[in-house]
Amino acid sequence: MTVLRALLVCLVTLLASYSTIPAAMADDLKDAINALAEGSLKDREAKVDALLETGDDTVVPVLTYLAEGDLYFRKSDKQVFLADKTGRTFSLTDPISGDVIPDISKRDIKKVRVNNNLRRQIRDGLSLFALNSRDSAKRLAAAETIYKAQDASALPAIEARLAKEQDAQVIAFLQEARAGLTLTSDAPEEAKLSAIEILRDKGGRQALSILNEAAETSEGAVKDAASRAIVAIERMLAIWNGVQNIWYGLSLGSVLLLASIGLAITFGVMGVINMAHGEMVMLGAYTTFAVQQAVQTAAPGLIDYSLLFAIPAAFLVAGAIGFVLERGIIRFLYGRPLETLLATWGVSLILQQAVRTIFGPTNQEVSNPGWMSGAVELAGLSLTWNRIWIFFFALAMFGLLFALLKRTPMGLQMRAVTQNRNMASSLGVKTPWVDAFTFALGSGIAGIAGVALSQIGNVSPNLGQSYIIDSFMVVVFGGVGNLWGTLIGALTLGVANKFLEPFAGAVLGKILVLVFIILFIQKRPRGLFALKGRAVE
Amino acid sequence: MISAFLFRGLAGRIAWVAAFIALLGILVPLSNLMLPSDHALYVPDYIVSLFGKYLTYALLAMALDLVWGYCGILSLGHGAFFALGGYAMGMYLMRQIGSRGVYGDPILPDFMVFLNWKELPWYWYGFDQFWFAAIMVLAIPGLLAFVFGWFAFRSRVTGVYLSIITQAMTYALLLAFFRNDMGFGGNNGLTDFKDILGYTLQNPATRAGLFAAAAFALSLALVISSAIVRSKFGKVLLATRDAESRARFLGYRVEHVKLFVFTLSAMMAGIAGALYVPLVGIINPGEFAPANSIEVVIWAAVGGRGTLIGPIIGAITVNLGKSWFTAQFPEYWLFVLGGLFVAVTVFMPKGMLGTLSSFSDKVKSLKPAPKPSQTEAGEMRKEGEAS
């Protein structure tokens, strides 16, 4: 008999794994559903069980409607329908085919009666129903739900499912769920010990709380094993926590890198204090917004790729304004760094007000494209795609800029002018143009940073202000005139910020970092990677 | 000796300007209080408050000029000293409210009751006494400047780096004072003041008195600053500005010179802040904003740095312009301010007063050959050092 049943179960599971319902099965299902119309309330319990056993998603609405008292059968042929009252008449939905029959009078149909016992049975059954779903992803989710809810009544269902489950991943999840339930039940010691092992390997906060409970309530070997498992899990959690902090820190660091890398060129390479640097970032972000609006109206199909158009556009806009700024103002102020600081601050005020006048003072919405939204789960860490993209984008920008400085003729001229302006000039380098293009380059890169930052923050006229001090800190900390210093400085400050946050709070953490930099500059006035040699003075 | 020292400060234009400001401090309150409101020379109440505020700004700008114009230290954090002085005064005014607050607690200020604090934090002790608050107005900004300057000047942080870390300092303080658990009222700051030294703040007579106090403080600070820059020490100060390394090689302790001026200037800024708070009736963390500190720099630059009088004129002119523009064309004020920054630095590096006096110099020296002034030579040398 049992052999026969096992065979039958196998057969059913095999059939169930087909995506389309075979005609014969559909007929069986139809009969099973229609059977609900007949018999007493008592008989109906068995019939509901039979429906739950099928593991077919079709029965979910049937049972839900039944529990709500909205399941009716047609008096003429005793066929069961899902009924929705529309005004005075009912519209009936065939549960299997999904066909809708509108305008049915109340007289032609009769309600399938239901009582509280049945309702409870349906509710419990449906909560475990997903465990027998055809879709392995749904089974996984169901097992996880049970694990999280610690619903002891689900234990028999898990056992039953384990007996016939074939997907290795689902089996592992089911075993973990079972282990959690076993440990809190009064199962024998061996079962509990193996359950502890499973939970220890699983890890995570839920396992920790289950084990804590077990360690408190039990004695002897189980208590010892549970305590050891707790220690192991806590160590893992601490490590993951550290990894998470590092990731958040690197992510913040990459944002800082993007914001400050343009500054590293204008300040570091040229020695120009550009207080309007933040506004270049802001202009980049607004260009992204404008490009998005343009793409929306011109080619809505490409909206997911508007960022790709925004990158060169932002570079050109910010770069052009940087070029004009250098030619129009800054070149008159070379050798007077403090005056440059003041003049560019004035420019930043003008740019802010200009953007406020054109776009309005409120935040503008820049949407995330599909490929940048959502998150990826990685062993207890949730990494959002936009952060991942920005991280690699920042590194790519750094690499590009580095190559530009080291490998191209323009980079060579830029470095020559930085090191010895007079000598470069007498060797035929047009130093004024090199200055202008270097400044345009730094500004353009700030514009590109704005494209990235528009994805993670508000786009408002004050956007640049919130980054300018941080950017200066990065450049000064890393060492002026050194791109590597900027990279290391940005990532270090990012990670330091995120590690201080948990126990100092976000604001205090930031204050501590600022104080640290102030003290650091006292110790090493030229930053982490200082330029050496005579060029410094 | 002290009188001889101060007497030296009264040389030249300074004496006239100081006397004029002190005279204003007497005449304006008198006109406000004594003359009938339809008299031609009557000064209305709001003008007294407004110009009182401008006088405190002028004091702040002059304090900045002392370090920037005469010592070459461009501080982008003087707003922090101003705000700290303001907070010290605000704490006194807060304690004076007593049980007249919304919650009626005799000791705790309203915001502490609101945050459910049970006891007064230790750093609020003593602020119920005016003399204690007055000392703190000088001591807190002075101490911060001393510690900050001691570290910075000793390790020879100069030029742009110094500017940026002073900016970081005021930014850090801004963030700190925004925190509720700092015990300074968080976001809202300190406000709802009732009276000062027993006089009701709403009373025009109190306002007139505060105006007089601001005018006298400015006048006195001007004379003291002028005396300092005209003393032997002042010559060292200028030497430090123009050729720091050379002054050091000649045996002067450059960092001590800088530290003294920086601390003194911070104390003046603190006084300005302390006079500002009762006049406007509020102090909040916004005063620490780096943008505010940079605005002070432009006041000094517009008026003419390195002149002491210039920043006073600059502060009053720019703020008059600001009041007018923000009332008439609020949209355009930032354009004007930004344009002012650019125009002054590019076209008028010496400011209004400097341009005026170099113009009159030119007129005078039409006959003899023009010789380069000391500051210009200094500028050129600094350029050499910076590049």
Side-chain angles (χ1 to χ4, degrees), chain A residues 267 271-273 275-276 325 328-330 332-354 356-357 421-422 461 465 468-470 472-473 475-476 480 505-515 517-527 537, chain B residues 68 72 74 76 148 150-176 178-179 181 245 289-291 294-295 297-298 301 331-347 349 379-380 382-387:
Chain A
F267 181 37
V272 168
I273 315 294
M275 294 301 267
L325 182 59
I329 296 170
I330 291 172
F332 301 112
L333 298 171
Y334 280 122
R336 293 194 287 164
L338 298 180
E339 269 90 343
T340 318
L341 191 156
L342 295 178
T344 48
W345 176 264
V347 172
S348 90
L349 292 182
I350 293 174
L351 288 176
Q352 272 178 50
Q353 187 59 43
R356 203 171 284 132
T357 310
R421 178 174 296 269
N422 294 337
Q465 292 289 302
I468 185 72
I469 292 186
D470 286 334
F472 269 113
M473 291 299 123
V475 175
V476 168
V480 171
V507 177
L508 201 60
K510 187 151 192 180
I511 296 170
L512 286 177
V513 169
L514 281 176
V515 171
I517 295 174
I518 292 176
L519 290 176
F520 178 84
I521 291 176
Q522 321 284 347
K523 199 75 201 156
R524 300 194 60 160
R526 305 261 163 205
E537 294 296 323
Chain B
W68 184 33
L74 175 54
L76 295 183
F148 189 89
W150 193 71
F151 279 114
F153 301 139
R154 203 180 51 128
S155 46
R156 300 187 190 173
V157 180
T158 52
V160 180
Y161 287 86
L162 191 75
S163 302
I164 289 174
I165 62 169
T166 50
Q167 190 175 34
M169 174 193 77
T170 189
Y171 185 56
L173 283 169
L174 169 77
L175 293 177
F178 264 124
R179 286 162 49 85
D181 27 340
S245 306
I294 298 191
E295 222 178 299
V297 174
I298 205 63
E331 286 273 292
Y332 296 101
W333 166 240
L334 277 184
F335 286 129
V336 173
L337 186 65
L340 212 54
F341 270 98
V342 176
V344 166
T345 46
V346 176
F347 302 114
E379 279 300 331
M380 282 161 66
K382 255 174 74 186
E383 280 172 34
E385 274 178 283
S387 56

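Just so it is clear: chains get the letters A, B, ... in the order the sequence lines come, proteins before strands, and each one is counted from 1. For clarity, every value in this text was computed on a predicted model and none was experimentally measured.
- Neither the backbone nor the side chain of A:Arg421 comes within contact range of chain B; no heavy atoms are under 4.5 Å apart.
- The CD atom of A:Gln353 lies 11.5 Å from the CH2 atom of B:Trp333; values are rounded to the nearest 0.5 Å.
- Contacts between A:Leu512 and chain B at a heavy-atom distance below 4.5 Å are absent for every atom of the residue.
- Using a 4.5 Å cut-off on side-chain heavy atoms (C-beta onward), A:Leu338 and B:Trp68 make contact.
- The distance from atom CD1 of A:Ile518 to atom CZ of B:Phe151, rounded to the nearest 0.5 Å, is 11.5 Å.
- For the options B:Ile294, B:Val346, B:Ile165, heavy-atom pairs under 4.5 Å to chain A are most numerous at B:Ile294.
- Interatomic distance, B:Phe178 CZ to A:Ile511 CD1, rounded to the nearest 0.5 Å: 11.5 Å.
- The shortest side-chain heavy-atom distance between B:Phe335 and A:Thr357 falls under the 4.5 Å cut-off.
- Residue contact with chain B, scored on non-hydrogen atoms closer than 4.5 Å, involves the side chain of A:Leu341 exclusively.
- Nearest approach of A:Glu339 to B:Thr345, heavy atoms of both residues: O-CG2, 3.7 Å.
- Note that CG of A:Leu349 is 10.5 Å distant from CG of B:Leu340, once rounded to the nearest 0.5 Å.
- Interatomic distance, CD1 of A:Ile273 versus CD1 of B:Ile164, reported as 5.0 Å (0.5 Å rounding).
- Using a 4.5 Å cut-off between heavy atoms, B:Leu173 makes no contact with chain A at all.
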